[in-house]
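This chain uses plain numbering: 1 for the first residue, then up along the sequence. All ligand and atom numbering here is 1-based and tracks the order in the structure.
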Amino acid sequence: MRIIVCENYEEMSKVGARIFAAQMTLKPDSILGLATGSTPVGLYRELIRMNSAGEIDFAPITTFNLDEYYPISPDNDQSYRYFMNENLFDHVNIDKARTHVPSGLAEDPEAEGKAYDAAIAAAGGIDIQLLGIGVNGHIAFNEPDEELIVGTHVTGLTDSTIEANSRFFASRDEVPTRALTMGMASILGAKKIVLLANGVKKHDAVMKLLDNTITTQWPATLLKVHPDVTLICDKAAYEG
Ligand code: F6R
């Protein structure tokens, strides 16, 4: 695992964006794996800036997001589809038809999961996957458990995740309790992985990533089997 420790969130976002820009330059029709949450917002802001400056082109880019609440409508301002439009897609020259987020309205979520993995495979696989990390070590919505699921699937959210996500909702009761998420194998199938972590609250999560154990009770530790992971964190997350 490559580790880049940055002074602060802004620097971390710029370093992360430069890696994505380099990928887009080397392979203009890249397949990008994207994440939601607070962590990647600065990186998306930087990609928007580079796009308006003519430094990167989103026209030939395809994207697949990690996850979506279930059930939820894409028009709901708490949906991850809405978040992606607001924080990236509406501000760059991407063809929205090439942007994929699991459907929070799928009648058959199991079938949606299978179709999602098939679409990733048909696109040629993810070239570079952006990840955040949960304070409980989750990756996407793969929550700590005795077993983890291989492909994209519906899952219940843990109390810790519902609590962490309640900051975006009017009340804790409004946080959906289920989600559609890429599985650990879908994520580990990406050619490159960039994991962002900032703030002292992510310190334990970062430390677990750097020890020499792998456990499904801390899903992020599975990233240790991947040959090309770059961890970009700020000093607060690294040093505690
Ligand atoms: C988001 C996702 C989640 C977040 C994680 C960290 O698509 O899959 O795993 O990356 O919960 O969230 P933030 O960045 O809000 O701390």
Side-chain angles (χ1 to χ4, degrees), residues 6 9-10 12-13 16-17 32-45 63-70 72 74 76 78-89 99-104 113 116 120 126 128-145 148-149 151-169 175-188 190 193-206 208-209 216 218-223 229-234 236-238:
C6 299
Y9 178 74
E10 202 188 337
M12 182 185 97
S13 303
L32 309 183
L34 300 178
T36 57
S38 315
T39 314
V41 170
L43 182 151
Y44 293 152
R45 215 178 287 134
T63 66
F64 287 91
N65 261 79
L66 286 171
D67 41 20
E68 177 62 284
Y69 288 122
Y70 187 82
I72 202 162
N76 185 319
Q78 298 298 344
S79 76
Y80 285 174
R81 160 56 73 182
Y82 193 96
F83 173 100
M84 288 310 300
N85 289 345
E86 285 266 299
N87 285 285
L88 182 65
F89 301 150
T99 66
H100 306 272
V101 180
S103 171
Y116 202 71
I120 294 172
I126 292 172
I128 185 164
Q129 176 68 56
L130 181 62
L131 297 177
I133 184 171
V135 286
N136 66 352
H138 76 203
I139 289 294
F141 281 127
N142 295 282
E143 300 282 16
D145 211 335
L148 298 175
I149 309 284
T152 303
H153 61 282
V154 201
T155 184
L157 305 185
T158 58
D159 278 350
S160 148
T161 298
I162 293 171
E163 184 60 41
N165 289 5
S166 64
R167 68 190 193 275
F168 300 114
F169 291 80
V175 186
T177 55
R178 288 191 297 163
L180 266 160
T181 180
M182 273 166 65
M184 284 312 293
S186 325
I187 294 165
L188 290 166
I193 294 179
V194 173
L195 172 63
L196 300 181
N198 70 291
V200 71
K201 64 182 184 302
K202 298 289 173 73
H203 178 61
D204 291 348
V206 167
K208 271 301 252 175
L209 260 182
T216 58
W218 203 269
T221 60
L222 269 84
L223 298 174
V229 177
T230 303
L231 164 67
I232 309 177
C233 51
D234 68 356
Y238 192 71

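Once rounded to the nearest 0.5 Å, the distance linking CG of L231 with CD1 of I193 reads 12.0 Å. We find the CZ-CZ distance between F89 and F83 to be 10.0 Å, quoted to the nearest 0.5 Å. Put simply, NE2 on H153 and CZ on F141 are 11.0 Å apart, with the number rounded to the nearest 0.5 Å.
Which parts of ligand 1 touch L66 is read off a 4.0 Å heavy-atom cut-off, strictly below it: atoms 8 (O). Of all atoms in ligand 1, listed by their number and element, those nearer than 4.0 Å to a heavy atom of G37 are 14 (O), 15 (O).
Only the side chain of R167 comes within 4.0 Å of ligand 1, counting heavy atoms alone; its backbone N, CA, C and O stay farther away. At a heavy-atom cutoff of 4.0 Å, ligand 1 is contacted by no atom of N165, backbone or side chain. Both the backbone and the side chain of T36 come within 4.0 Å of ligand 1, judged by heavy-atom distances.
Protein heavy atom in closest approach to atom 8 (O) of ligand 1: D67 OD2, 2.5 Å. Summary of contacts: the protein heavy atom closest to atom 13 (P) of ligand 1 is T39 OG1, 3.5 Å. From the protein, the heavy atom lying nearest to atom 10 (O) of ligand 1 is G132 CA, 3.4 Å. For atom 9 (O) of ligand 1, the closest non-hydrogen atom of the protein is A140 O, 2.9 Å. Closest protein heavy atom to atom 6 (C) of ligand 1: I133 O, 3.4 Å. Among all protein heavy atoms, the one lying closest to atom 5 (C) of ligand 1 is H138 NE2, 3.4 Å.
Checking side-chain atoms of E143 against main-chain N and O of G156 turns up no donor-acceptor pair under 3.5 Å.
At a threshold of 4.5 Å between non-hydrogen side-chain atoms, the residues R167 and S38 count as touching. Side-chain contact between L223 and L188: present, with at least one pair of heavy atoms (C-beta onward) separated by less than 4.5 Å.
Other residues, nucleotides and ligands place no more than 12 heavy atoms under 6.0 Å from the OH atom of Y238.
The shortest N/O to N/O separation between K202 and ligand 1 falls below 3.5 Å.
In this pair, Y116 and F64 present their aromatic rings perpendicular. The plane angle is above 60°, beyond the 30 to 60° band.
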